[in-house]
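First comes the structure, then the notes that go with it.
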Amino acid sequence: MINEKMEKAFNDQINKELYSEYLYLSMKAYFERLNLKGFVNWMNVQIQEEHAHGMGMFDYLHQRGGKVVLEAIDKPKSDWTSPLNCFEEILAHEEYVTSRINALLDVAEETKDRAATIFLNWYLKEQVEEEDSVGGVLASLKLIGDDKKALLMLDKELATRVFNPPVIG
Ligand code: OFO
C-alpha cells in the first residue's frame, strides 16, 4: 500500500502531466493557425507522450493500491508571439516538470519508498530527453531568426517525428 504523502504527490503530478497534454494541444492549435504542419505533427507526438506520462502514473497508483483523485486542469494560454517564443516557453515548462519529478523523488526518499524511486527514475531520464529535444528545436529557431525559408525547412524536419509508445517504469 502506498504512503498517503506519496499518493498525493503522484496525484498532483498526474494533473501536471495532463496539463502538459492540454498545453501542447493549445500550442498545436497555434501552429495550425500558422499552417506549419510539421510543428503541428511535433505537438501531436508531444500530446501523446504527455498523455502516456499521466496514464503511466495513473496505472502505477492503482498497482500500488492507491486512490486516483483527479483535479481540474488549468486553462492553458492560446497565443504566442512567434514559434521561438512558443519553444522558449516549452523549455521553461519542461524544466519546471523536471523540478516536479525531482520533488516526487524527494518524497519517495523521505517515505523510504524504494519502488517509487525506481519507477520515477524512468521519468527523470525522460525529462533529460524532453529538455534535449525541445532545446534542439529552440536552438534551430534562434539560428533561423526571420528567415522564412529556413523556418519551412525546419517545419519539414519536424513533420518526420513519430510517436513511439513509451514503456514506462
Ligand atoms: Fe511529461 O514530460 Fe513533458 O511535461
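Since this is a predicted model, take the numbers as computed values, not measurements. In each ligand, atom 1 is the first atom listed, and ligand 1 is the first ligand listed.
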task = Check whether the side chains of His93 and Ser20 place a donor and an acceptor atom closer than 3.5 Å, and report yes or no.
result = yes

task = Compute whether any side-chain donor of one residue and acceptor of the other, for Glu17 and Gln13, lie under 3.5 angstrom apart.
result = yes

key: Side-chain touch Phe39/Arg161, heavy atoms, less than 4.5 angstrom   = no

key: Residue and atom names of protein N/O/S atoms that fall under 2.8 Å from atom 3 (Fe) of ligand 1   = Glu50 OE2, Glu94 OE1, Glu94 OE2, Glu130 OE1

task = Could you tell me whether Asp12 and Lys8 have a side-chain N and a carboxylate O separated by less than 4.0 Å?
result = yes

ask   = Using the ring of each side chain (for Trp, its six-membered ring), is His62 parallel, tilted or perpendicular to Phe58, with breaks at 30° and 60°?
value = perpendicular

request  = Name all residues meeting the ring-ring contact (aromatic ring centres under 6.0 Å, His included) criterion together with Tyr60; count only those two or more places apart in sequence or in a different chain, and write none if there are none.
outcome  = Phe10, Phe119

